[in-house]
Amino acid sequence: MKVLCTDFYGKTHTVDHTRLIDRLSVYGIYVASGAVLLIQDPRSLRWELPGGGVEVGETPEQGLIREFEEETGVTPIGMFTFLKEWEEYFYDVVGQQAWRSKRMFYHVEKIALTEKLLINGNGEDSATARLVARAELDGLHIAPNIRSLIEEVYDS
């Protein structure tokens, strides 16, 4: 069976399902004072929620904390509220590898206030991290399903 995988640039790749690697990924939505914390992917320049793959031996919550810190420079604290999950097929152009990614999304209610945002990114998988006002979202390149999820958090 063939599946369609999408890369960072929006191009689709047809891949045999036996080549897929399963991956659990977690992402956090932090909203404060009418702004949402986003990172910009350095390859596609698309705006994303902070997060990424859960490593072997980590719980989803541990993976969320680690990925959030690595990409934004700030630590999510307290309890995380599970919001939604979905499955996506992703193609890594650099590694020529296809992934079946189960993506889990959590509402992050608090961050450690003593830390500084990585406004110049982390030199790897975030070009910048910043709080983006709701009114600015229309001008940013954000995947529609991510934008919809952000709106759900704003409206809750």
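The figures here come from the full heavy-atom set of this structure, side chains too, leaving out hydrogens, waters and symmetry mates. Remember, it's a predicted structure, so these values are computed and weren't measured experimentally.
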Working for side chain to side chain contact (heavy atoms under 4.5 Å, CB included), residues Glu70 and Glu124
CA-CA 9 Å; Glu70 288 174 3; Glu124 190 176 318; over 6 Å; no
Is [X] reaching over with its side chain to a backbone N or O of [Y], donor-acceptor style, under 3.5 angstrom?
{"X": "Glu115", "Y": "Thr75", "answer": "yes"}
{"X": "Gln40", "Y": "Leu45", "answer": "yes"}
{"X": "Tyr154", "Y": "Gly34", "answer": "yes"}
{"X": "Gln97", "Y": "Arg19", "answer": "yes"}
{"X": "Thr128", "Y": "Ile119", "answer": "yes"}
{"X": "Glu71", "Y": "Asn122", "answer": "no"}
{"X": "His17", "Y": "Met1", "answer": "yes"}
{"X": "Glu67", "Y": "Leu64", "answer": "no"}

[X] and [Y]: which non-hydrogen atoms are nearest, and at how many Å?
{"X": "Glu58", "Y": "Arg66", "answer": "OE2-NE, 2.7 Å"}
{"X": "Val26", "Y": "Gly63", "answer": "CG2-C, 3.7 Å"}
{"X": "Phe68", "Y": "Pro76", "answer": "CD2-CD, 3.5 Å"}
{"X": "Pro60", "Y": "Val54", "answer": "CA-CG2, 4.2 Å"}

Would you mind reporting whether [Y] and [X] have side-chain heavy atoms less than 4.5 Å apart?
{"X": "Leu37", "Y": "Val74", "value": "yes"}
{"X": "Tyr89", "Y": "Val15", "value": "no"}
{"X": "Thr14", "Y": "Leu4", "value": "yes"}
{"X": "Phe90", "Y": "Arg100", "value": "no"}

Step by step, would you call Trp86 with Leu149 a side chain to side chain contact (heavy atoms under 4.5 Å, CB included)?
CA-CA 12 Å; Trp86 61 72; Leu149 190 54; 4.1 Å; yes
Any donor-acceptor pair under 3.5 Å linking the side-chain atoms of Ser25 with those of Arg23?
yes
Flag for Tyr30-Glu109: side-chain donor and acceptor within less than 3.5 Å:
no
Path from [X] to [Y] over hydrophobic side-chain contacts below 4.5 Å:
{"X": "Leu137", "Y": "Ile39", "value": "no"}
{"X": "Val36", "Y": "Leu83", "value": "yes"}
{"X": "Val132", "Y": "Ile150", "value": "yes"}
{"X": "Phe8", "Y": "Ile142", "value": "no"}
{"X": "Leu117", "Y": "Trp47", "value": "no"}

Calculate, to the nearest 0.5 Å, the distance between atoms [atom1] and [atom2] belonging to [X] and [Y] respectively.
{"X": "His141", "Y": "Glu48", "atom1": "NE2", "atom2": "CD", "result": "8.5 Å"}
{"X": "Arg103", "Y": "Leu24", "atom1": "CZ", "atom2": "CG", "result": "11.5 Å"}
{"X": "Leu38", "Y": "Ile146", "atom1": "CG", "atom2": "CD1", "result": "9.5 Å"}
{"X": "Glu152", "Y": "His107", "atom1": "CD", "atom2": "NE2", "result": "12.0 Å"}
{"X": "Ser101", "Y": "Ile21", "atom1": "OG", "atom2": "CD1", "result": "12.0 Å"}

Would you call Arg43-Asp7 a salt bridge at under 4.0 Å N-O?
no
Report the C-alpha distance between Glu69 and Thr72 in whole Å, list the side-chain angles of each, state the deciding distance to 0.1 Å, and finish with yes or no for side chain to side chain contact (heavy atoms under 4.5 Å, CB included).
CA-CA 5 Å; Glu69 288 174 341; Thr72 69; 5.8 Å; no
Checking Phe105, Tyr27, Tyr106 against Phe82 for ring-ring contact (aromatic ring centres under 6.0 Å, His included), the one that qualifies is Tyr106
Evaluate the criterion side chain to side chain contact (heavy atoms under 4.5 Å, CB included) for residue pair Arg134 and Glu151; output intermediate values, then yes/no.
CA-CA 9 Å; Arg134 188 175 192 174; Glu151 292 293 340; 2.4 Å; yes
